[in-house]
*Asks:* 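One structure is given below, represented as structure tokens, and several questions about it will come after.
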Amino acid sequence: MAQGERQVKDMNKEKFHYKKNTGFFIIILLFVIAFLGIGAYRVKDNVIAQINDTSYDYLLSTTEIVESKVVSSLEKDVQKLNYLSESILFDHNTLKYALKEFTRNNDLYSTFYLDMDGKGINHNDDTIDFSYIKNEETAISKGESSISPAYMNEAGDTIVLIQTPVYRNNVQKGALYCEVMVQRYYTNELFAFQEGKGRTFIVNSEDGAWLLKSPASDMIKLNDDGLYATIKENGNNDSTVKQLKDSIAKQKTGVFEIQGNDATLILCTTPVHEINDWQIVTIMRADMFATQIAQVERNTVFIVVLLIAMILVSIITIYLIFHGQRKKYRDQLENQYQMEKDAIEMMNREIIMRNCDFSVCVDLDEALCSVKIYHDNNEKANLFHDTYDQALRAYSKEIYMDDVDEFIETFTLSSLKKAYHEHKEIKHIHYRIMSDETLWYECYSTCYHQKDHHYVYLFHRNISQEMKQQIQLIQEKYH
């Protein structure tokens with residue numbers, strides 16, 4: 001194959017591999033972009049789902065916190081009444097003073113004492129009896145402390161009655177009672193939580209009546225008849241109301257989605273375990289965390305755009321690198337082919353100038369050689385040998401005995417390598433070939449470097465006619 005044709009073939013091959021690798025790389029990058037984009041949006045969906053779950057968890061935990069705070073306040077009132085029962089004296093003046101101070105210091109609606117006959121006085125020194133008690137009496141009848149269900153007093157306040165028996169020397173002497181307005185358990189922190197965005201209520205678990213309401217809010221319109229009427233009035237169906245009623249009646253903790261004033265709300269309920277008919281209800285907007293969700297979506301879009309931009313920059317950068325490497329490789333190929341072309345032209349000039357009969361190309365690195373035979377300066381045959389040493393031994397057998405030692409010493413592989421590295425060329429080495437007549441040859445060398453390989457070209461020319469003429473001249477001179 002001609003050198004130009006081989007160059008075109010190598011160039012096309014290199015171009016094919018370049019296009020193949022570039023296409024493969026682009027496909028991988030597109031796959032990476034798609035994978036990262038889908039992954040980012042899946043992460044976004046997971047984060048939003050977690051935020052939504054967090055809103056449910058947040059409301060549920062808030063409800064439980066309110067319940068624990070209310071229970072804690074009730075327990076403190078019970079403890080205070082127990083402390084009073086242990087220290088109270090039974091003479092009239094001391095008892096009257098103790099009841100009055102206890103009521104004032106603890107912001108109670110009323111405090112009173114009854115003896116075992118059900119008669120006694122209150123903090124205002126009014127005489128009262130069992131008839132004053134609106135709910136079940138347990139302190140005297142059963143000797144048990146208790147907190148009554150909520151009820152309305154004459155002033156319209158929602159009240160609970162705390163009662164505890166009074167003992168002296170393990171003998172019950174009577175009982176103490178205090179009426180506590182449910183409103184005193186209200187705090188803005190609990191009943192208008194999340195900076196006023198959420199609302200808390202205490203309702204009667206039997207009928208849903210309000211026992212303690214939070215401030216009005218534009219997220220839901222409150223009905224004075226209670227929780228269930230409020231849910232119904234805000235556009236929720238009977239099924240939603242029934243599910244809520246059943247959950248509260250069974251004193252379960254539950255989370256519900258309801259419709260409010262043009263907004264979807266999340267409602268959570270949990271019972272107050274110290275009082276059978278109390279239920280804590282918390283409400284907040286379902287989109288309370290919409291700002292966080294919107295921020296997550298914006299961040300996701302930003303991340304995806306940033307990833308795409310980074311990948312595009314990477315594509316351009318890698319393309320430029322590949323393009324530079326490809327250009328460098330093409331330049332190397334062109335330089336290599338030019339060197340080969342120059343070498344071939346040089347050898348052709350040598351062959352023409354020297355009227356070469358055959359040439360031997362010796363690869364000093366691989367210890368291989370190729371032999372080309374010429375006739376009238378045209379290549380007639382291209383012979384290959386396994387190794388240079390084999391070719392040298394085979395050719396040496398044909399050399400005249402007096403010339404063979406010098407020939408072999410001159411043309412061993414080590415001698416050629418030495419000559420190459422010392423930049424020496426073999427000039428006009430003469431030797432004789434034994435055939436029907438003695439043939440004289442001369443040889444000279446040229447060094448060449450190609451593709452990280454080191455070569456020596458040996459050119460051989462038959463000079464038998466010239467030698468005959470010289471011998472004839474000598475003979476004529478001396479005879």
Side-chain angles (χ1 to χ4, degrees), residues 1-14 16-17 325-326 328-354 356-375 377-399 403-431 433 441-462:
M1 180 179 290
Q3 188 263 351
E5 294 177 351
R6 183 162 60 87
Q7 179 176 358
V8 172
K9 181 178 180 181
D10 288 345
M11 288 291 187
N12 290 335
K13 183 178 180 182
E14 184 269 335
F16 170 76
H17 285 298
Q325 291 178 341
R326 179 173 178 246
K328 182 179 179 181
Y329 179 71
R330 289 175 63 90
D331 292 342
Q332 289 176 346
L333 283 179
E334 290 176 357
N335 292 335
Q336 174 185 315
Y337 293 136
Q338 186 61 42
M339 291 174 64
E340 291 180 1
K341 181 180 178 182
D342 294 343
I344 292 172
E345 290 178 353
M346 179 193 69
M347 286 186 289
N348 288 335
R349 286 196 301 270
E350 293 280 356
I351 292 169
I352 293 171
M353 290 175 60
R354 302 291 182 175
C356 180
D357 291 293
F358 68 95
S359 67
V360 180
C361 176
V362 183
D363 185 337
L364 300 180
D365 299 295
E366 300 292 339
L368 300 174
C369 72
S370 62
V371 179
K372 292 184 179 180
I373 299 176
Y374 302 93
H375 180 70
N377 296 331
N378 293 317
E379 182 179 329
K380 299 298 290 183
N382 196 341
L383 307 177
F384 293 92
H385 298 273
D386 291 337
T387 64
Y388 174 67
D389 289 339
Q390 178 183 351
L392 182 62
R393 286 195 301 269
Y395 190 65
S396 299
K397 293 178 181 179
E398 300 180 14
I399 297 177
D403 298 336
V404 70
D405 292 337
E406 181 184 2
F407 180 87
I408 293 175
E409 181 180 354
T410 304
F411 293 108
T412 61
L413 188 64
S414 59
S415 298
L416 294 179
K417 286 184 177 180
K418 182 179 179 181
Y420 181 96
H421 292 295
E422 292 179 356
H423 304 287
K424 292 181 180 179
E425 293 187 350
I426 303 169
K427 297 293 185 181
H428 300 290
I429 299 298
H430 295 93
Y431 62 91
I433 296 292
Y441 279 85
E442 72 174 358
C443 177
Y444 59 94
S445 69
T446 299
C447 299
Y448 175 60
H449 178 268
Q450 173 188 348
K451 291 185 178 179
D452 298 326
H453 277 251
H454 307 84
Y455 297 93
V456 171
Y457 283 91
L458 303 175
F459 300 99
H460 299 259
R461 183 169 72 93
N462 189 338

*Asks:* Which value, rounded to the nearest 0.5 Å, describes the distance between Tyr455 atom OH and Cys447 atom SG?
*Replies:*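 Going from OH on Tyr455 over to SG on Cys447, the span is 13.5 Å.
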
*Asks:* Would you give the length of the straight line joining atom CD1 of Ile399 to atom CG of Leu392, rounded to the nearest 0.5 angstrom?
*Replies:*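 If I round to the nearest 0.5 Å, the distance is 7.5 Å.
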
*Asks:* How far apart are the closest heavy atoms of Ser445 and Val456, and which atoms are they?
*Replies:*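 Heavy atoms only, the tightest pair is CB-CG1, 4.0 Å.
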
*Asks:* How about Tyr431 and Phe411: are their ring centroids closer than 6.0 Å?
*Replies:*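 They do not qualify: ring centres at least 6.0 Å apart.
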
*Asks:* When rounded to the nearest 0.5 angstrom, what is the spacing between NZ in Lys417 and NE2 in His454?
*Replies:*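 Result: 10.0 Å between the selected atoms.
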
*Asks:* Please report the shortest heavy-atom distance between Tyr374 and Cys356, naming the atom on each side.
*Replies:*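 Nearest heavy atoms, Tyr374 then Cys356: CB-O, 3.6 Å.
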
*Asks:* Identify the heavy atoms of Ser396 and Ile408 that sit nearest to each other, and give their distance.
*Replies:*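 Scanning both residues completely, I find the closest heavy atoms to be OG-CG1, 3.4 Å.
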
*Asks:* Who passes side chain to side chain contact (heavy atoms under 4.5 Å, CB included) against Glu366, sequence neighbours left out?
*Replies:*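 Glu366 satisfies side chain to side chain contact (heavy atoms under 4.5 Å, CB included) with Asp363, Leu368, His453 once adjacent residues are dropped.
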
*Asks:* Can you tell me how far apart OH (Tyr457) and OG (Ser370) are? Round to the nearest 0.5 Å.
*Replies:*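 Rounded to the nearest 0.5 Å, the OH-OG separation comes out at 6.5 Å.
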
*Asks:* State which residues pass salt bridge (charged side-chain N to carboxylate O under 4.0 Å, His left out) with Glu422; sequence neighbours excluded, sorted by chain then number.
*Replies:*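 Glu422 satisfies salt bridge (charged side-chain N to carboxylate O under 4.0 Å, His left out) with Lys424 once adjacent residues are dropped.
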
*Asks:* Apply side chain to side chain donor-acceptor pair (under 3.5 Å) to residues Asp357 and His460 and explain how you reach the verdict.
*Replies:* CA-CA 6 Å; Asp357 291 293; His460 299 259; over 6 Å; no

*Asks:* For Tyr395 and Phe358, take the angle between the two ring planes, folded into 0 to 90°, and tell me which bin it lands in: parallel under 30, tilted 30 to 60, perpendicular over 60.
*Replies:*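 Judged by the thresholds at 30° and 60°, the geometry between Tyr395 and Phe358 is perpendicular.
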
*Asks:* To the closest 0.5 Å, what do you measure between NZ (Lys418) and CG (Leu413)?
*Replies:*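 These two atoms lie 14.0 Å from each other.
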
*Asks:* How far does OH of Tyr420 sit from OG1 of Thr446, to the nearest 0.5 angstrom?
*Replies:*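 Taking OH in Tyr420 and OG1 in Thr446, the distance rounds to 12.0 Å.
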
